[in-house]
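See below for the structure under consideration.
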Amino acid sequence: MSVAHLLAAASNASSSPVLAVGYAVIDHTPTAVKDWAIAHFGTKDKPLLLGTVALVVVVATALIGLLAGRRKAWGAVGLAALAAVPAWAVMTRPSARIVDLGPTLVAFVVGIGVMLLLLRLSPSPTPSEEADMTEPGRRVFVGGVLGSLALSGLAVAAGQTLLQAASTAKLSLPRAWRRATPIPAGFERRNPAITPLRTPNESFYRVDTALTVPQVERESWTLTIDGDVHRRVTFTYDDIAAMKLVEKNITMTCVSNEVGGEYVGGATWLGVPVRRLLAEAGIKEPHRADAQVLSTSTDGFTAGTPLAAMLDDRDALLAIGMNGEPLPRRHGFPARLVVPGLYGMIGSTKWVTKLTVTTFAEHQAYWTQRGWSHDAPIKPSARIDSPSSLAQVKRGVIKVGGIAWAQRSGVRGVQVRLDGGPWRDAELGPEVNEDFWRQWMYRLDASSLPTGQHTVSARVIDADGDTQTAERAPVFPDGSSGLQEQVFFLT
Ligand SMILES: Nc1nc2c(c(=O)[nH]1)N[C@H]1C(S)=C(S)[C@@H](COP(=O)(O)O)O[C@H]1N2
Ligand SMILES: [Mo]
């Protein structure tokens, strides 16, 4: 399996038997079990899944080894049955080709080889020979096992090194034709606990279904537009880089972000408005109700964006730059979509290679097939960064603060309240644009408050004057709502 993984890493990662089985498990796990796993293991769910796959293989091969000890043919049949699982998993990957069976075949052949070798090295079980054979025989056998384990470890290490392809940070990035106003520094200077307006690429949240980061290169990448268009068009990276590129400051949010959660970030994106690309293809019926742009990634992920959101003035982007650098691989290198105002699953497809103009009735995107809404504008929310949850706070003036967003509208105000008392206006940080988040701060005079437990909460008011709802909703199917209630202790 390790040798196969190495081979796959050097050619096409998704043909790795381990990764392919991992994806198959994800695809066939009931949503309830998946949610449970994500809730309990968070972002450790992927290593845990792959570890489990490896463990099952170890147990299965141990059993096959026992069978082979009786009869070699049984061992061979066992290994063939075991290899059939990744063979099936590999061929059900979205972009599977017959050559992708190569690594699995190699795993089978190497498996047979190791099995025969270990059988030859294994001490004979017959009692008559035991006296003179056991000691050196055992030692040679154990040596053989440890040797194969060591080689196996080396192969996995080499494979993983290959999969962590070179960083993209040093690559060149074309200039913007229209620059965005630089994101200013804000309240983080007065209260370092408040989230800075610009999220650095290294700490930008990452959410995707990929078990390993897809390695796509600029030279081979293309974007095709098809579906209900007059001409099917394909762009290369150079085509895109030569266009009039615009910069836009956009705050992205994941539908899985809980109230007060971390799956949200603000960055400067450089790219081409998607509507200009769509115009080159020529949309047949731009005003058709139910129309969507289905975007497809190299890894088979799809997202469905309402066509109107791709065409209006929000500047949905095909982005190639993030905070002045080429997109990091984790965030979709060489190109991704960023759609302001809609949760990431509604169209911020990373490693995007195809845009299909179609309808929601005709095609269902990845998360829609799994019951999530395809109509999911980001819900306005205020997050409390300071004080942190269950913090011990000294009596005096408490600097309450955080960040708030109401994409597509903008943040007009943030209000804060203590222990269910009256709402008070917070001070707002610099405004960037309506699709960007905004910092807020409130100096809470706690000099006359009793010591012990207190609760502070916050709510955002958007530019239309609408106040964030206190009504609680879970993240499924269209995003969480409710107010964050932060408990702290006055000492
Ligand atoms: N190819 C691909 N693109 C994807 C996803 C994915 O699973 N695969 N997840 C989406 C979701 S749910 C979110 S919230 C954003 C997250 O983008 P980020 O990881 O750059 O923050 O990417 C979107 N694009
Ligand atoms: Mo998401």
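Residue numbers run from 1 in the order of the sequence given. Indexing begins at 1, ligand by ligand and atom by atom, following the structure's order.
- Checked by distance only, ligand 1 and Thr253 stay at 3.5 Å or farther apart across all their nitrogen or oxygen atoms.
- Residue Met252 approaches ligand 1 through these ligand atoms, each under 4.0 Å from one of its heavy atoms: 16 (C), 17 (O), 21 (O).
- By the 3.5 Å distance cut-off applied to N or O atoms, His331 is counted among the residues near ligand 1.
- The protein heavy atom nearest to atom 23 (C) of ligand 1 is Ser348 O, 3.3 Å.
- When heavy-atom distances to ligand 1 are checked against a 4.0 Å cut-off, Trp351 comes that close only through its side chain, counted from C-beta outward.
- Close N/O approach between Ser297 and ligand 1 is found [any backbone or side-chain N/O within under 3.5 Å].
- The Cys254 neighbourhood of ligand 1 comprises atoms 14 (S), with distances under 4.0 Å to a heavy atom of that residue.
- Between the side chains of Asn12 and Ser14, at least one donor-acceptor pair of N or O atoms lies under 3.5 Å.
- If you look at Phe204 next to ligand 1, the close heavy atoms, those under 4.0 Å, all belong to the side chain.
- Aromatic pair Phe235/Trp221: centroids not less than 6.0 angstrom apart.
- Between the side chains of Ser220 and Glu217, no donor N or O sits under 3.5 Å from an acceptor N or O.
- Inclusion of Trp367 in the set of residues having an N or O under 3.5 Å from an N or O of ligand 1 is not warranted.
- The distance from atom CE of Met252 to atom CZ of Arg336, rounded to the nearest 0.5 Å, is 4.0 Å.
- Remark: side-chain polar atoms of Tyr23 are paired, donor with acceptor, to backbone N or O of Leu211 under 3.5 angstrom.
- When atom types are taken as modelled, the side chain of Ser409 and the backbone of Asp462 share no donor-acceptor pair closer than 3.5 angstrom.
- Of all protein heavy atoms, the one closest to atom 13 (C) of ligand 1 is Gly344 CA, 3.7 Å.
- With respect to atom 16 (C) of ligand 1, the closest heavy atom belonging to the protein is Val207 O, 3.6 Å.
- A tilted orientation is assigned to the rings of Phe301 and Tyr366, their planes being inclined by 30° to 60°.
- Between the side chains of Thr302 and Thr296, no donor-acceptor pair of N or O atoms lies under 3.5 Å.
- The shortest N or O to N or O distance between Arg206 and ligand 1 is not below 3.5 Å.
- With respect to atom 19 (O) of ligand 1, the closest heavy atom belonging to the protein is Lys350 NZ, 2.5 Å.
- Residues Gln364 and His374 have side chains that never bring a donor and an acceptor to within less than 3.5 angstrom of each other.
- Counting atoms of ligand 1 from 1 in the listed order, those under 4.0 Å from a heavy atom of Met345 are 11 (C), 12 (S).
- The aromatic rings of Trp367 and Trp372 lie perpendicular to each other, with more than 60° between the two planes, well past the 30° mark.
- Taking a cut-off of under 4.0 Å to the non-hydrogen atoms of Asp299, the atoms of ligand 1 that pass are 1 (N).
- Summary of contacts: the protein heavy atom closest to atom 17 (O) of ligand 1 is Arg336 NH2, 3.1 Å.
- Donor-acceptor pairing under 3.5 Å is recorded for the side chains of Asn323 and Asn201.
- From the protein, the heavy atom lying nearest to atom 21 (O) of ligand 1 is Tyr205 O, 2.7 Å.
- At a heavy-atom cutoff of 4.0 Å, ligand 1 is contacted by the side chain of Phe301 but not by its backbone.
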